[in-house]
Structures are given as C-alpha cells and as structure tokens.
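Predicted model, so just to flag it, every value in this text is computed and none were measured. Letters A, B, ... are given to chains in the order of the sequence lines, protein chains preceding strands, and every chain is numbered from 1. Keep in mind that the numbers below use all heavy atoms, side chains included, and drop hydrogens, waters and symmetry copies.
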Amino acid sequence: MTNTPHISVQDFNVYIENQHILKNININIPNKSVTSIIGPSGCGKTTLLKSFNRLLDNTANVKIDGKVLVDGENIYDPNVEVTHIRKKMGLLSQRPYPLPMSIYDNVAYGPRIHGIRNKSELDELVELQLKATGLWNEVKDRLNASATRLSIGQQQRLCLARGLAVEPEIILGDESTSALDPVSTHIIEDLFINLKQKYTIVLVTHILRQARRVSDYIIFVYMGKIIEFGPTEEVLLNPKEELTREYVKGFIS
Amino acid sequence: MIKRKIEELFFKVLMILATIIVTGSFFLIVGTIFSKGVPYMNLDMITKIPGGGFYIGKEGGVLNAIIGSLYIAGGATILGLIISIPVAIYINMYIDGKKFKSNLIRLAFDVLFGIPSIVYGAFGFLIMVYFGIRASLLGGIIAVTLLVIPILVRTLDEVIRTVPGELRDAALSLGATRWEAAKVILRQIRPGIFTAILLSFGRGIGDVASVLFTAGFSDNIPTSLHEPAATLPLAIFFQLGSPVEEVQGRAYASALILTIVVLIITVLAELLIKKFSKHKI
Amino acid sequence: MLVFTLASVSLVFVIGIGLYYRSIPILNKLSWFDLLTKSAWKPMKGLFGFYPFIMGTLWVTAIAIIIALPLSIFTSLYLVEYAHAKIKRVLIPFVNLLSGIPPVIYGVWGVLFIVPLIQEHIAPHFIEFSTGYSVLAGGIVLAVMIFPLIVSIITEVLTTIPQDLKDASLSIGATKWETIKKVIIRKATPGIIAATVLAISRAFGETIAVLMVCGNNAVVPHSVFDTGYPLPALIANNYGEMMSIPLYDSALMFAALLLFIIILLFNIISRVILARLERNLTT
Ligand SMILES: Nc1ncnc2c1ncn2[C@@H]1O[C@H](COP(=O)(O)OP(=O)(O)OP(=O)(O)O)[C@@H](O)[C@H]1O
Ligand SMILES: [Mg+2]
C-alpha cells in the first residue's frame, strides 16, 4: 500500500438480532483515495459503511465488537465523543434526504451546530460548498427556498455540500447515485474523483462500471466477510479469489 | 460541547419525567380505584340488587346495573356487528378500484368515531321520541349501537386490510361470487372480529353520556326491552352523589368492578391486536 | 352492504339535521349571536345565554391541552427516539390501557384524587379557599384522558419519519436532541397539529368526567380555581327536567348541535392533515 491507512478496521464483528452480519472484518482503508465496497445485495455493505461513523449504534438489538481506528483513534472506545467522530465523516445516502428547511439552512446546518454563528462566515461557507458541488449557479438566487423543491440530482449534491460544510476528512457514500438520472450520476462521480485530493472516500456501489471509473481500491464483501481487497484494476480484471471472479464475471467478459 | 451535552441531558430527563407521568397516571387511577373500592367490595355487590333504593338504601349491591350493562353493551355490539361487517367488507371489496370513494367513507367513520357520546345520546333520544319509545333497555341499546358502529367498522376495516390481496383475488378467480369471497375473508379475520367485539363491548359498557337519557334507571333487573335499565357507569355516577356513606362505598366498589372488567377486555383486545401488527390511531 | 354503508355514513348528516331541526324553536326566538354571546342563563324566564358554558368548555379544554400536549410530545419522543425496544414494549401497552378506562372512572378518580389534591395542596398556595371542584380539576382529568390519543398519533407519525433522514442529521455530528429539535419536530409538526386538533375536539365533547369535577356553576370562570360549566355537562345535567320548561329542550339540542358542528369540523381538519401526512411520508 502506498499510503498510510485512514480507517483501520480490526477484528470487527457485528450481530443484529443475534444474526452474525459482519464476520471478523480486518481492513485498512487508504488515505486520500476512493475505495469502493462491492458485493451482492444483503452481504453487509451498508452495515460496514455505517459502522465507520457509528450510525450502527441506533439499530435495535445490535451487538458490536472489535475496533475501528480513525486517525489511530478507536471510535468504539467508550470515552469517545460520537458527535466528534461523525463530524469527521460526511455521509451520502442512497436517496437524497434534504433536511426540512431551506437550501441555505441545509448547508449551514452543520456549521451552526458546531458553533459558527457569524452570518458572514456562514454565508462564505455556504457559497464555498455550493460551489464545490457545482450547485452555486443553479441555486444562488433561491437560497431561501425549501430544499425539497430541488430536483433529485440537485438534492443529492446539496446533501454532499451539507456534509462537506463541517469540514470532514472522510466521505461515505451508500449507493449515492442509485436514485439519480445518468447526467446527475456522472456529475456526482466526477465530484468524488475531484474530492479525493482532499478527502478519503468510501463508496458502496452495485455498479461495477462506476466502481472502476471512480475508485482506486475495491473491497469485495460476500456474506459478511471480506473476500478480497486490492487496487481496482486487479480486483475487477484479475481477481485472486474464485468468489470474486464469479461476481465480476459479467464485467470482465 | 459541554453546553450541547447538558442540553441533551436536560431534555432527556424531561422526556423521561413526562413518560413517567403519562404511564404513571394509569397506575395512579387504577391505584386510587382499588384502594377506595376494595374495602367496600363484597359478594352482595355482584349478587344483589340495591335494597331500599339505589340512592339511599344501605343494603344490597349493583346486580341490576351489571346485568343492565351487559344487556346494553352486548345488544349494541351484536346489532353493531350486523351493520358493521357488511360495511367493512363493502369498503374493502366493492370499491377497491376507486380509492377516493373508499377513503371518503373511511373519513366519514373516522369523523363518526370522533363524535362524543353525549351527542349520540341526544340523537338517540331524538330517535326514541320520534318512534315513541320511552327510556328503556331498547333505547339504551339504540344509542350505544350508534356509538359503537364507528369503532367496529374502523377495527374491522383495519384487519381486513391485513388480508393479502392475493387471497381475495384467488377467492374471486375460483369463480366465487363476491359474497363467497367475503366469507373466505371473514374466516381469515376471525380473531380480528373478536378484537372488534371486545373493543366495542368495552366502550359500550363504560359509557355514560349515551345512556343517560336513553336507558333510564331502575333498581330492578329489566325483564323486557321496554323496561328501563340501570347501567354500571350510571350507577357509579348516581351513587357517588349520595349523602349516605354506604351508598358512596357502593359507588367505589362498582367503579372497581367496572375497572376490572374493562381492563380485562382491553388487555385481551391488546393481545389480539398484536396479531395484526399495525393498529390504528 | 351498500345500503348499510350509505345509512351509516349518512348518519353524519342525519345527526346534524336532526339536532338542527330540534333547535329551530330556540333559533326562531333568539339569534345565533345572542345565544352564543349572552351570559344570562335563566330558562324559566326564557333567557338562554350560552356564553358561560362556552367559556367553561374553552377553559377546561385549554387547560387540558396545555398540560397534555408537552407531556405527550416528550413522551412520544422518548418512546420513539430513546427508549430501548424492551422498555417500549412494556410502556406502550400502559398508554393503550389508559385509553380503555371508561370516562366515569376518570371522573371518580378526579373526585377522589384530583379534587382533594387541588383543595388541600394546590389552591391554598394561590387563593384563600377552594373546594377543589374547578376548571383546573376538569382540565387535569381531561389531560390524562387525552394522553393516549395524542401519544398514539405522535408516536405513529414519528415512526414514519425515515431513519435515513435522522441519520443525515446525525452524520453531520448533531446530537440526538439537536436532530429532534431541528429536524424531527419540524417534520412531525403537521402530525402534532392534527393530534392537537383531534385532542381538542375530544376534550370539547367529554361529558361525564368533566361534569363530576368542574363544579357546574353557570358563570364565566376567571381563574383556574373557579368552577366552570362546560356545554356537555349542561346537556347531561338537565335532560331529565327540561320537558316542563318551554324551549329548554330546544336549547339543549342547540348545545348538542353546537358541539356536533365544532367537533365535526375539527375532526375533518385533523383527519385530512393526517391522511396527507401519511401519503407524503410514505411515498
Ligand atoms: N436493522 C436490521 N435488522 C435486521 N437485520 C438487518 C438490519 N440491518 C441489516 N440487517 C441484515 O444485515 C444484512 C446486511 O445488510 P446490509 O444492509 O448491510 O446489506 P447491503 O450489502 O447493504 O445490501 P444492499 O446491497 O441490498 O443494500 C442483511 O442480511 C440484512 O437483512
Ligand atoms: Mg445497502
């Protein structure tokens, strides 16, 4: 591996309602690059992703053991401040979930929570992040309109801007383009590629073409286990494991 | 960060306190009724009619009111079922394609459900005057039937909706007429019908305002539909206002009886409802 | 089936028309305005001013809502957002049991517990003397009666708010409470309004429990410790004797009509809001 890991998962197990969902996960997610998690439906991709920012905590009847180190700090340590961990990571879910407020307030939501009150500072931040996600020109005249009025693609970019506004180090995306049209999908994919200069990005995707286009590394998960991890081209074009080969077969041919 | 945590803690404590008050009020009510009612409870309460007049007589029990309540709640539930079952089936089968129409009918029953029993009582009284019926068992049954129809329809509608559409379609495609298909569905929802009966009976047995001027009041057990009948809640209400201590005690004991009966009914209904996961507001 | 359905649906109209028909005699004598705004209630002299009763109803209802709404909202939030599944399973049945308790039992409880509580422990801090029978007693009893209604609607609304939306806020580093305050409450507002409207209409119509603890004096209350005489209590208390006095029965029917109209409107409003909300949140 060329650079030091940003997220390091060690002997990690998750049980939900007494079912063993993630089995003995060990993985190092490289810094400032895009890593895609692929695998069949129900294999535990979302669960793995949510365990990175402790959103798993809210699931009923969940039992978690093992470590997840972010910047060397175990986020499952009882003394850790959950909100602090979450602030470090932006999450982009499957469908856009704009908060029930204006476009401006959506982006300003995080900074405000973390104590920024100054109006001009907020204005600046909002503009910066809306520009970073290419939304600024589309919405600058209606910043006070409800966020739900935007198109789905715009909403998803707004959600990204909202996540970026708290200056995270990591971006997590769970099939973030699956609800979008091809054009919006392309815009988001390009954003990910650009954002990896500054952020570590972990994406869950079903679309192998997308995985190949945006990611540097691929994790293949099957029935709660990590089967293979490696650089994109290697995993997709020359998999070492039989199970991976089976899964990416359609892609190679 | 400290400030944010304190705020969170503060409101969490507030929420827990609120929850304690809301759920605790149940225990407070039941506790009050039990502690006041148990000392006055005896076998006479449920085996004898009041001696020497319900308002002043120190002897006897409230058998007349227990029987009256059973008659009225039972009669109204049976009558209500006869009307409600076809309605619930109609909403779900005949106008399935026209969502708007069935939702409008549902809205009507939701609204009927919200109409207070005093209005049903007043309206029941109007019907009685119109047909020349005096305050009697029959009058009480009519008023309470009006009261429980919305409960029955809403509950039945809710359980019928949990029957998978395929089952219904299968029944229909086998060449069954809609009525036969309805019978298949009725068999499916038998526990649901039982829930509806319990809820309706529980509401009917506990309500005062609807029977206040429709059922009259009597110290005797009614022997025909045209005789006035006492009901348990009304007996509680009247006896509580008596200056005689023994009579007041009878009110407490009656309240205890009614509470126990209604709690049993509610718990049973609750257990049955669990079978149909989602239940309505 | 159609016949039964139409018959029971049209009950809404039949009740309205029936009550109106019986109110005509008094409406011929006195205008709506006079009936609603005059304070003198002397049936023997033909004076039928409903103002004190309307105010009695409003006082009791307002007190009930002021007590019940915040408690119910906090309870629902706790049950849905914080409580562990096990605690939830234990607590929710008690809320449902509360809704099964008959009104008269609430009334008995009010007389035995709330009235003495007010008389001995609450009122003495504020005024010289109170029997305890007051609009406050009515309001408290009513508040407890409407807890289950409000809690069940709001918990249902809260559970339909998608977890992903809550996650969106949490993932930015908001605490659970911040998420509740800024996102969940906002999303649930229509539901809370609908629940409140429904609870108000329920409180308006509640008869026996309120009648037992309010004191029933036909004067406009000026403080929470004053007695009050809500409309339903008026109807219930006077039905027996009304026949001998001219117009009395018509006046009481008018009271029932008034209740009916207000409650009908409130119910329709809240049900429409709830139906909309359900559509919006589930699609
Ligand atoms: N809250 C929950 N309760 C019960 N089981 C759950 C829960 N969340 C996840 N699971 C189970 O955990 C397993 C993994 O789920 P997960 O959502 O992580 O899969 P996934 O790989 O993201 O699937 P998909 O590609 O369909 O999104 C599944 O078998 C699922 O049924
Ligand atoms: Mg998933």
Hey, which of [options] has the most heavy atom pairs under 4.5 Å with chain C?
{"options": "B:Ile149, B:Leu234, B:Leu258, B:Ile205", "value": "B:Leu258"}
{"options": "B:Ile85, B:Ile118, B:Thr266", "value": "B:Ile118"}
{"options": "B:Ile236, B:Ile16, B:Val119, B:Val22", "value": "B:Val22"}

Evaluate the side-chain proximity of [Y] to [X]: yes if any heavy-atom separation is below 4.5 Å, no if none is.
{"X": "C:Met212", "Y": "B:Val208", "value": "no"}
{"X": "B:Glu7", "Y": "C:Thr175", "value": "no"}
{"X": "B:Lys36", "Y": "C:Val108", "value": "no"}
{"X": "B:Phe113", "Y": "C:Asn267", "value": "no"}
{"X": "B:Leu126", "Y": "C:Leu19", "value": "yes"}
{"X": "C:Leu211", "Y": "B:Phe237", "value": "yes"}
{"X": "C:Ile235", "Y": "B:Phe213", "value": "yes"}
{"X": "C:Ile263", "Y": "B:Pro116", "value": "yes"}

Reference residue [X]; test side chain to side chain contact (heavy atoms under 4.5 Å, CB included); the match among [options]:
{"X": "B:Phe11", "options": "C:Tyr78, C:Tyr82, C:Trp177", "result": "C:Trp177"}
{"X": "C:Trp109", "options": "B:Val30, B:Leu28, B:Thr259", "result": "B:Leu28"}
{"X": "B:Leu112", "options": "C:Leu264, C:Val12, C:Val9", "result": "C:Val12"}
{"X": "C:Leu71", "options": "B:Ile21, B:Thr19, B:Ile20, B:Leu14", "result": "B:Ile21"}

Any idea how B:Phe26 and C:Phe94 line up, ring-wise: parallel (<30°), tilted (30 to 60°), or perpendicular (>60°)?
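If you compare the ring of B:Phe26 with that of C:Phe94, the planes turn out tilted.
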How far apart are the closest heavy atoms of C:Val104 and B:Gly206, and which atoms are they?
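Closest heavy-atom pair between C:Val104 and B:Gly206: CG1-O, 4.3 Å.
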Using heavy-atom distances under 4.5 Å, tell me whether [X] contacts chain B through its side chain, its backbone, both, or neither.
{"X": "C:Glu81", "answer": "neither"}
{"X": "C:Tyr106", "answer": "side chain"}
{"X": "C:Val111", "answer": "side chain"}
{"X": "C:Ala233", "answer": "neither"}

Salt-bridge test for B:Glu8 and C:Lys176: reply yes if a basic N is under 4.0 Å from a carboxylate O, no otherwise.
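Answer for the salt bridge query: no.
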Looking at C:Phe204, C:Phe113, C:Tyr21, which makes the most heavy-atom pairs under 4.5 Å with chain B?
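Ranked by contacts with chain B, first place is C:Phe113.
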In terms of heavy-atom pairs under 4.5 Å, which option from C:Leu112, C:Val95, C:Leu91, C:Ile180 contacts chain B the most?
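Top count of heavy-atom pairs under 4.5 Å with chain B: C:Leu112.
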Does any backbone or side-chain atom of [X] lie under 4.5 Å from a heavy atom of chain C? Answer side chain, backbone, both or neither.
{"X": "B:Ile29", "result": "both"}
{"X": "B:Phe27", "result": "side chain"}
{"X": "B:Ile115", "result": "both"}
{"X": "B:Ala255", "result": "both"}
{"X": "B:Val153", "result": "neither"}
{"X": "B:Val262", "result": "side chain"}

Distance, nearest 0.5 Å, that separates [atom1] of [X] from [atom2] of [Y]:
{"X": "B:Ile33", "Y": "C:Ile105", "atom1": "CD1", "atom2": "CD1", "value": "5.0 Å"}
{"X": "B:Phe125", "Y": "C:Met253", "atom1": "CZ", "atom2": "CE", "value": "6.5 Å"}
{"X": "B:Thr23", "Y": "C:Leu97", "atom1": "OG1", "atom2": "CG", "value": "11.5 Å"}

Is B:Lys12 atom NZ crowded by more than 12 heavy atoms from other residues, nucleotides or ligands, each under 6.0 Å away?
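At most 12 heavy atoms, drawn from other residues, nucleotides or ligands, come within 6.0 Å of this atom.
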Donor-acceptor contact below 3.5 Å, side chain C:Thr75 vs main chain B:Ala18
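Answer holds: yes.
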Take B:Phe123 and C:Leu11 through the test side-chain contact (heavy atoms from CB on, under 4.5 Å) and record every step on the way to the result.
CA-CA 10 Å; B:Phe123 181 70; C:Leu11 203 54; 4.1 Å; yes
